[in-house]
Asks: 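Take this structure first; my questions come after.
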Number of protein chains: 2
Amino acid sequence: MTNTESLENVAQELRRGVIVLAVLSQLSSEQYGYSLLKLLSDQGLEVDQGTLYPLLRRLETQGYLQSVWKLEEARPRRYYVISAEGKKVLPKLKKEWAGIVSMMEKMLS
Amino acid sequence: MTNTESLENVAQELRRGVIVLAVLSQLSSEQYGYSLLKLLSDQGLEVDQGTLYPLLRRLETQGYLQSVWKLEEARPRRYYVISAEGKKVLPKLKKEWAGIVSMMEKMLS
DNA sequence: CATGATACTGTGTTATACACAGTATGTCAA
DNA sequence: TTGACATACTGTGTATAACACAGTATCATG
């Protein structure tokens, strides 16, 4: 493992934590996996397919997301939206995040 | 798994990511495991022993930390400090972190 | 002297990210 | 029209890491 790879790993760990929050926050409007992937990367969060798709399924299993297959479009797509449960959790997560940010601000200064 | 537990899990994921950055930033001055544990929790970051100790060993293996046993004190303690490699990586991680924070700020607004 | 805080090691389990492979359709330019 | 590339998803295997849990032992203090 090279040094740059190793740094990349640690930096990755940092980014990893926010993926769930990012996904939940973006799914207030309906998205399918691939469009969400693009939406996130547009905003600066690069997520691998092999990470996002399993994550979506996991969050659905945990009840934070709902999904439907839409077959009427050109190409069949599985659309995800935040669920009622997810909507309850999201503001709590945002608060948690704000807390982390201000904590780290103090710690790093 | 109850709902509160489940929320706790997701919130935990969020916190998890910053632990490495927090640890590296705090180890500019020498600390032993337990004192670091207290130092972090004083600043609002609760980390489990079973998480912190393995993490310290891991970061040492990866070359970001150095450690020495100090036996001369009342009780033998393993002291950790950031290594030269760690000092190179830390500012890069801080930048990465700043990037994540501003990205999430946009995403959540 | 008992109790709780301190201080560490080690193991097993589970969850998770990610790599990798595979499938298939749409689009567009040469 | 065909080849390449983007789109869009599923599924499996593996390495890693957090965390629970257990165990050990010393120090401080009421």
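Only this structure's heavy atoms are used, side chains among them; waters, hydrogens and symmetry mates stay out.
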Asks: Can you tell me how far C1' of D:dA20 sits from CG of B:L52, to the nearest Å?
Replies: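 Going from CG in B:L52 over to C1' in D:dA20 covers 15 Å.
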Asks: Sugar-phosphate means primed atoms, P, OP1 and OP2; the rest is base. With that split, encode nucleotides 10-29 of chain C 5' to 3' as B, S or - using protein heavy atoms under 4.0 Å.
Replies: B-----SSBS-----BB---
Asks: Would you mind reading off the distance between B:L36 atom CG and C:dT6 atom P, rounded to a whole angstrom?
Replies: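 Result: 14 Å.
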Asks: Report the residue (B:Y80 or B:K38) whose heavy-atom-nearest nucleotide on DNA chain C is the more 5′ of the two.
Replies: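 This one resolves to B:K38.
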Asks: Can you tell me how far the CZ atom of A:R57 sits from the CD atom of A:Q62, to the nearest 0.5 Å?
Replies: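 The distance works out to 14.0 Å.
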Asks: Using atom CD of B:E46 as one end and atom P of D:dA18 as the other, report the distance to the nearest whole Å.
Replies: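 So the CD-P distance, B:E46 to D:dA18, works out to 17 Å.
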Asks: So what does A:K70 hit on the nucleic acid, given a heavy-atom distance under 4.0 Å: a base, only sugar-phosphate, or nothing?
Replies: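 No contact.
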Asks: Is A:E46 salt-bridged to A:K38, cutoff N-O under 4.0 Å?
Replies: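 Not counted as a salt bridge, because no side-chain N and carboxylate O are separated by less than 4.0 Å.
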Asks: Does the distance from a Lys or Arg side-chain N to an Asp or Glu carboxylate O, for A:K88 and A:E85, drop under 4.0 Å?
Replies: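 Between A:E85 and A:K88 there is a salt bridge, with a charged N closer than 4.0 Å to a carboxylate O.
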Asks: Going by an N to O cut-off under 4.0 Å, is there a salt bridge joining A:R78 and A:E30?
Replies: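 Salt bridge absent between A:R78 and A:E30.
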Asks: Without decimals, in angstroms, what is the distance between B:Y32 OH and C:dA5 P?
Replies: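 One finds 15 Å between P of C:dA5 and OH of B:Y32, rounded.
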Asks: From A:I100 CD1 over to B:L14 CG, what is the distance, rounded to the nearest 0.5 angstrom?
Replies: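 The distance works out to 4.0 Å.
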Asks: A:Y53 side chain N/O closer than 4.0 Å to the phosphate oxygens (OP1, OP2) of D:dC9?
Replies: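 Answer yes for this pair, as a side-chain N or O of A:Y53 is under 4.0 Å from OP1 or OP2.
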Asks: Taking only residues at least two apart or on different chains, which pairs with a member in residues 78-108 of chain A satisfy ring pair (Phe, Tyr, Trp, His ring centres under 6.0 Å)?
Replies: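 Qualifying pairs, neighbours excluded: A:Y32-A:Y79, A:W97-B:W97.
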